[in-house]
*Asks:* 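I am attaching a structure below and will ask some questions about it afterwards.
For the numbers below, each heavy atom of this structure counts, side chains included, while hydrogens, waters and symmetry mates do not. To find a chain, count down the sequence lines: A is the first, B the second, and so on, and within it residues start at 1.
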2 protein chains.
Amino acid sequence: MNHQQPNFDNLSLFQKLQQELARIIEETPAGERLQSEPELASSLGVSRATLREAMRSFEGQGLIRRRQGVGTFVLDHQQNIETGLEVLESIETQARRIGLDVKMGYLDINKIKSDVELAKKLGINENEEAIRISRVIWVAERPAAFLVDTLIPGILEEKDLSDGFTGSVLDLIIKRGKPELSHSKTEVIASPAPSDIAKKMQIQRGDVLLKLDALLFDKTGRMIDYSQSYFIPGFMKFEVIRSIGK
Amino acid sequence: MNHQQPNFDNLSLFQKLQQELARIIEETPAGERLQSEPELASSLGVSRATLREAMRSFEGQGLIRRRQGVGTFVLDHQQNIETGLEVLESIETQARRIGLDVKMGYLDINKIKSDVELAKKLGINENEEAIRISRVIWVAERPAAFLVDTLIPGILEEKDLSDGFTGSVLDLIIKRGKPELSHSKTEVIASPAPSDIAKKMQIQRGDVLLKLDALLFDKTGRMIDYSQSYFIPGFMKFEVIRSIGK
DNA sequence: CAGTGGTCTAGACCACACG
DNA sequence: GTGTGGTCTAGACCACTGA
């Protein structure tokens with residue numbers, strides 16, 4: 001049995017397969033299920049491993065969704081949420097503005113003792129308790145973001161989060177009116193999805209995510225929140241104006 | 001033969017393997033070669049496929065580099081280049097400021113006929129010729145970025161690029177003094193590395209890259225350049241200040 | 001329970017670097 | 001030529017879903 005074809009045209013089997021897959025996905029109506037992986041692999045003449053590898057990028061682009069035990073489905077074309085990065089605004093606010101439905105999925109609220117690293121980042125003492133809020137944000141019936149906020153003590157209590165919390169720590173603090181928020185210092189990172197986050201977002205471990213790592217400051221210059229936000233590409237569009245000689 | 005262990009502790013073999021690998025990489029002096037993949041796989045008791053999957057993230061973090069035909073090497077800890085995203089500045093300028101060595105690797109200059117899409121993006125006529133400049137930027141002896149600029153006609157000629165071009169279209173235009181540059185409208189994207197780019201950057205296809213997609217404007221408001229920049233994570237640190245209610 | 005996607009294995013061959 | 005990483009295959013078992 002021949003285990004690999006020579007690579008004559010400098011186009012990998014993988015690339016050709018992607019073109020084939022793109023066609024198949026395009027021709028499949030939104031919401032429909034694709035053939036099962038073994039069937040597809042066989043009909044395309046490749047192994048399941050290669051097929052799955054090629055499928056990954058389409059899932060990253062938000063064109064398909066694979067669901068264990070169910071099947072692989074073609075998604076309908078999504079509406080982009082466009083955001084100027086310079087403006088600090090919750091994904092919820094952004095999505096609602098263009099009329100998209102927003103829901104909170106999984107929610108986990110914890111008190112955590114800060115280790116050396118976290119204490120340093122938050123500017124609090126070691127072993128002091130911080131509140132950590134993790135949740136998945138669904139937009140238009142699909143997971144769009146995974147958000148983790150770690151707040152210094154005294155900003156929010158658990159009761160603040162028990163009723164009426166819709167997913168945005170930012171909006172909640174703004175609504176309460178204090179502390180008065182000023183700005184965030186945000187680092188932009190590309191990151192493969194860790195296993196635990198991938199599972200909650202219904203994507204594959206290693207899929208590409210855009211991550212915003214932010215430190216949130218109030219108007220007195222005090223840092224109050226360390227926030228980590230993971231976004232599925234193709235869903236949000238982050239833009240920034242860069243100027244010469246600023 | 002047992003083909004897969006039950007997942008008792010909810011920690012995948014993959015995750016345990018990553019911890020093991022992290023230890024091995026940590027204990028290996030910078031510049032040293034690791035065992036070959038078959039050796040490592042065997043000594044860790046996993047298949048080569050699983051080992052390679054686990055290695056990917058370390059390569060993405062810039063901790064190791066795999067080189068076909070040579071081996072896998074542990075890199076020394078790199079210095080970060082920190083950049084405020086609001087400022088439009090070449091990676092070359094940024095790197096030199098903190099004393100890092102910058103070189104241009106692969107360089108390709110082409111005239112291309114613009115198709116409908118490109119013409120629309122650049123604001124020129126279909127079939128008009130644009131200049132496309134692709135190159136790899138090495139920082140501190142390692143590929144750090146892959147840059148593609150597509151310029152409207154009349155901005156730069158090929159002779160401008162034949163001598164003294166060090167990799168930055170931005171710096172070159174600034175040096176020539178005209179047109180006078182103003183700002184860029186930049187979209188921030190997380191993207192898996194396409195095969196061709198991965199090869200030139202000496203990383204693996206599918207590795208995570210941070211991509212900046214920018215439209216560059218001069219002071220008259222004319223768009224002159226569409227630039228695509230791919231960055232290896234962990235190398236550049238992009239920051240932006242986000243403000244409330246702007 | 002049957003059927004789906006998720007993970008992993010063992011082994012083959014290809015492409016590349018270096019002596 | 002020898003040895004490395006790069007790609008692909010065939011097939012096994014695991015984990016999950018829904019009937």
Side-chain angles (χ1 to χ4, degrees), chain A residues 1-18 20 32-56 58-59 64-74 193 195-196 198-207, chain B residues 1-18 32-56 58-59 64-74 193-196 198-207:
Chain A
M1 179 68 201
N2 196 357
H3 279 270
Q4 191 179 357
Q5 303 300 327
N7 186 356
F8 286 125
D9 50 7
N10 199 30
L11 221 62
S12 65
L13 171 58
F14 168 81
Q15 285 172 300
K16 291 179 215 159
L17 182 57
Q18 282 200 325
E20 266 307 291
E32 291 290 299
R33 217 201 72 189
L34 295 180
Q35 284 180 291
S36 73
E37 293 185 355
E39 284 170 1
L40 251 184
S42 153
S43 78
L44 292 171
V46 298
S47 72
R48 219 184 123 204
T50 303
L51 172 70
R52 283 175 57 75
E53 178 72 10
M55 281 181 137
R56 283 184 90 144
F58 292 102
E59 196 175 23
I64 59 174
R65 158 126 352 124
R66 294 188 283 196
R67 295 180 55 200
Q68 187 170 359
V70 186
T72 300
F73 297 84
V74 175
S195 306
D196 53 338
K199 187 165 269 184
K200 296 188 180 73
M201 297 187 84
Q202 301 188 354
I203 58 176
Q204 265 49 60
R205 172 238 303 164
D207 280 358
Chain B
M1 178 69 203
N2 195 356
H3 278 269
Q4 191 178 357
Q5 304 299 327
N7 187 356
F8 287 125
D9 50 7
N10 199 28
L11 221 65
S12 65
L13 170 59
F14 168 80
Q15 285 173 300
K16 291 179 215 160
L17 182 58
Q18 281 200 324
E32 291 289 300
R33 216 201 72 189
L34 295 180
Q35 285 180 292
S36 74
E37 292 186 355
E39 283 169 2
L40 251 185
S42 154
S43 78
L44 291 171
V46 299
S47 73
R48 219 184 123 204
T50 304
L51 173 69
R52 283 175 57 76
E53 178 72 10
M55 281 181 136
R56 283 183 90 145
F58 292 102
E59 196 176 25
I64 59 173
R65 157 128 351 125
R66 295 188 281 195
R67 295 180 54 201
Q68 187 171 2
V70 186
T72 300
F73 297 85
V74 175
S195 305
D196 52 337
K199 188 164 266 182
K200 296 188 180 72
M201 297 187 86
Q202 301 189 353
I203 58 177
Q204 266 49 60
R205 172 236 304 162
D207 279 359

*Asks:* Does any donor-acceptor pair link the side chain of B:Q68 with the base of C:dA15 at a separation under 3.5 Å?
*Replies:* yes
*Asks:* According to a strict under-4.0 Å criterion, is B:R67 in side-chain N/O contact with OP1 or OP2 of C:dA15?
*Replies:* no
*Asks:* Using the rule salt bridge (Lys or Arg N to Asp or Glu O under 4.0 Å), only one of A:E39, A:E37, A:E53 pairs with A:R48; which is it?
*Replies:* A:E37
*Asks:* Heavy atoms under 4.0 Å, any strand shown: does B:G206 hit a base, just sugar-phosphate, or nothing?
*Replies:* nothing
*Asks:* What integer distance in Å separates B:L40:CG from C:dA10:C1'?
*Replies:* 17 Å
*Asks:* Looking at the side chain of B:R66, which of D:dG5, C:dG5, D:dC8 is the nearest nucleotide?
*Replies:* D:dG5
*Asks:* Rounded to the nearest 0.5 Å, what separation is found between the CD atom of B:Q35 and the CG atom of B:L51?
*Replies:* 10.0 Å
*Asks:* Between A:V70 and B:G71, which is nearer to the 5' end of DNA chain D once each is assigned its nearest nucleotide?
*Replies:* B:G71
*Asks:* Measure the distance from CG on B:L44 to P on C:dA10 and round it to the nearest whole Å.
*Replies:* 13 Å
*Asks:* How many angstroms lie between OG1 in A:T50 and CD in A:Q18, if you round to the nearest 0.5 Å?
*Replies:* 11.5 Å
*Asks:* Looking at A:R52, I'd like to know whether one of its side-chain N or O atoms comes within less than 4.0 Å of OP1 or OP2 on C:dG6.
*Replies:* yes
*Asks:* Nearest whole angstrom, please: distance from the P of D:dG5 to the NZ of B:K199.
*Replies:* 17 Å
*Asks:* Distance check, rounded to the nearest 0.5 Å: B:L40 atom CG versus B:R52 atom CZ?
*Replies:* 12.0 Å
*Asks:* With a cut-off of less than 4.0 Å, is there a side-chain N or O of B:S47 near OP1 or OP2 of C:dG11?
*Replies:* no
*Asks:* Rounded to the nearest Å, what distance is computed from the CD atom of residue B:Q202 to the P atom of nucleotide C:dC16?
*Replies:* 13 Å
*Asks:* At 4.0 Å (heavy atoms only), tell me whether A:Q204 reaches a base, stays on the sugar-phosphate, or touches nothing.
*Replies:* sugar-phosphate
*Asks:* Quick one: B:F73 CZ to C:dA17 P, roughly how many Å, whole number?
*Replies:* 12 Å
*Asks:* With B:Q204, which of B:E59, B:K199, B:M55 fulfils side chain to side chain contact (heavy atoms under 4.5 Å, CB included)?
*Replies:* B:E59
*Asks:* Provide, to the nearest angstrom, the distance between the CD atom belonging to A:Q18 and the C1' atom belonging to D:dC8.
*Replies:* 15 Å
*Asks:* From CZ of B:R33 over to C1' of D:dT4, roughly how many Å is that when rounded to an integer?
*Replies:* 7 Å
*Asks:* Counting any heavy atom closer than 4.0 Å, what does A:R65 reach on the DNA or RNA strands: base, sugar-phosphate only, or nothing?
*Replies:* nothing
*Asks:* Give the nucleotide from the list C:dG5, D:dC8, D:dG5 with an atom nearest to the side chain of B:S36.
*Replies:* D:dG5
*Asks:* Return no unless some side-chain N or O of A:T72 is found under 4.0 Å from OP1 or OP2 of C:dG5.
*Replies:* yes
*Asks:* Determine whether any donor atom in the side chain of B:R48 lies under 3.5 Å from an acceptor atom in the base of D:dG6, or the reverse, and answer yes or no.
*Replies:* yes
*Asks:* Within this structure, what is the CG-to-P distance between B:L51 and D:dT7, rounded to whole angstrom?
*Replies:* 15 Å
